[in-house]
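Structure first, then comments.
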Amino acid sequence: DIRFIDSSINHNPLKNIWLANNDIINPANEIYRLTKAGDYSIGLKVKNDLECADSTYQYYAVRVYPKPIANFTTWPDYIEIGKPVTLNNTSSAAQNFWWIWGNGDSIQKSDRTLFQYNYSDTGDYSLKLIAANSYQCTDTAIVHLIIHSPFTISIPNAFTPNGDGLNDVFAPTVSEF
């Protein structure tokens, strides 16, 4: 964001026209966001109610650096303790990456290779990737992960429906570790 400040001195009401690379811009509350990377020349044309006018122009006064785009995918969709989550960094226009696991662990990497991470406890985690370019501009991507306890399904091969409360029903059982 750029804050435009008109320091013109005039006792009559002014009409201001701000320019960025000769394009008229209308900064609301004198704040304007230049969204494209590049060098910008900034100008101000001032006219009062008596039709007196003046202008000033600053060539290449503002440089906007390109913004990186942080992005990644994870798999599998269902993650259990002790089984790794695979991370695929699909960020663009970035050279450095910080992975923040949401459990106090983090790592810095300078490549986009696939790698894996093992969570040591169940829970909901916000996995963050911060991507930075050579100008130290950053972007952040966040994926929410749920780490589950592993479970087993047991199907009996026999049952004893004798009313003693043990093995009276033929049914599978599910247990979590």
Side-chain angles (χ1 to χ4, degrees), residues 1-79 84-119 123-147:
D1 291 348
I2 289 184
R3 179 175 298 277
F4 291 88
I5 299 173
D6 178 7
S7 57
S8 303
I9 299 173
N10 193 319
H11 301 290
N12 297 309
L14 299 174
K15 178 182 179 188
N16 298 341
I17 299 173
W18 290 97
L19 305 167
N21 288 350
N22 287 322
D23 293 329
I24 295 174
I25 59 175
N26 182 17
N29 300 323
E30 279 89 36
I31 296 176
Y32 188 76
R33 176 168 288 169
L34 298 169
T35 57
K36 293 184 181 176
D39 294 325
Y40 290 83
S41 298
I42 305 298
L44 172 63
K45 292 183 179 181
V46 178
K47 186 190 290 186
N48 67 13
D49 60 351
L50 301 174
E51 296 299 318
C52 296
D54 198 4
S55 64
T56 185
Y57 213 74
Q58 293 290 320
Y59 294 95
Y60 307 111
V62 176
R63 175 169 286 163
V64 177
Y65 294 111
K67 184 174 172 40
I69 305 297
N71 197 23
F72 65 98
T73 59
T74 63
W75 69 86
D77 292 331
Y78 186 89
I79 306 164
V85 57
T86 300
L87 305 156
N88 182 21
N89 183 351
T90 59
S91 300
S92 61
Q95 292 79 34
N96 291 300
F97 307 96
W98 291 268
W99 294 91
I100 302 168
W101 309 109
N103 62 358
D105 290 348
S106 64
I107 188 173
Q108 181 179 358
K109 294 178 73 64
S110 59
D111 59 37
R112 289 183 181 83
T113 57
L114 290 175
F115 68 102
Q116 296 180 326
Y117 182 79
N118 281 318
Y119 282 90
D124 297 337
Y125 296 95
S126 292
L127 172 57
K128 291 183 188 179
L129 170 62
I130 300 172
N133 63 17
S134 60
Y135 304 108
Q136 296 309 308
C137 300
T138 61
D139 189 33
T140 302
I142 300 172
V143 169
H144 298 281
L145 301 175
I146 299 174
I147 308 302

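For this chain, numbers begin at 1 and follow the sequence in order. Because the structure is a prediction, the values reported are computed rather than measured.
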ask   = Do you know which two heavy atoms are closest between Asp111 and Thr113, and how far apart they sit?
value = OD1-OG1, 3.0 Å
task = Taking the side chain as every heavy atom from C-beta outward, state whether Gln108 and Asn96 have any atom pair closer than 4.5 Å.
result = yes
message = For Arg112 versus Ala94, what's the shortest heavy-atom pair and its separation?
response = NH2-O, 2.7 Å
request  = Any chance you could measure Asn16, atom CG, to Asn48, atom CG, to the nearest 0.5 Å?
outcome  = 11.0 Å
key: Test ring pair (Phe, Tyr, Trp, His ring centres under 6.0 Å) applied to Tyr125 - qualifying residues, sequence neighbours left out   = Tyr119
note = Sorted by chain and number, sequence neighbours left out, salt bridge (Lys or Arg N to Asp or Glu O under 4.0 Å) with Lys45 holds for none
query = Rounded to the nearest 0.5 Å, what separation is found between the CG atom of Asn89 and the CH2 atom of Trp99?
reply = 5.0 Å
inquiry  = I need the Ile2 CD1 to Ile25 CD1 distance, nearest 0.5 Å.
reply    = 7.5 Å
query = Which residue pairs pass the side chain to side chain donor-acceptor pair (under 3.5 Å) test when at least one of the two sits in residues 68-79, sequence neighbours left out?
reply = Asn71-Thr90
key: Tyr117-Trp101 aromatic ring centre distance below 6.0 Å   = yes
key: Qualifying residue, where the test is side chain to side chain contact (heavy atoms under 4.5 Å, CB included) with Ile79 and the options are Thr86, Ile146, Leu145, Asn118   = Leu145
remark   = To the nearest 0.5 Å, atom CG of Leu127 lies from atom NE2 of His144 at 10.0 Å
key: Distance, nearest 0.5 Å, that separates CH2 of Trp18 from CD1 of Ile24   = 13.5 Å
Between side-chain atoms of residues 35-42 and protein atoms elsewhere (two or more places apart, or another chain), which donor-acceptor pairs fall under 3.5 Å?
unit_1	atom_1	unit_2	atom_2	d
Asp39	OD1	Arg63	NE	2.6
Asp39	OD1	Arg63	NH2	3.3
Asp39	OD2	Arg63	NH2	3.2
Tyr40	OH	Lys36	O	2.8
Ser41	OG	Tyr60	N	2.9

ask   = Between Cys137 and Pro68, is any pair of side-chain heavy atoms under 4.5 Å apart?
value = yes
task = Sequence neighbours left out, what pairs pass salt bridge (Lys or Arg N to Asp or Glu O under 4.0 Å) with at least one residue falling in residues 127-140?
result = Lys67-Asp139
key: Pairing residues for Phe97 by the ring pair (Phe, Tyr, Trp, His ring centres under 6.0 Å) criterion, not counting sequence neighbours   = none
ask   = Which heavy atom in Ala70 sits nearest to a heavy atom in Ser91, and how many Å separate them?
value = CA-OG, 3.4 Å
Side-chain heavy atoms of Asn133 within contact of Gln95, under 4.5 Å = yes
ask   = With under 30° as parallel and over 60° as perpendicular, where do the rings of Tyr65 and Tyr135 fit, or are they tilted in between?
value = parallel
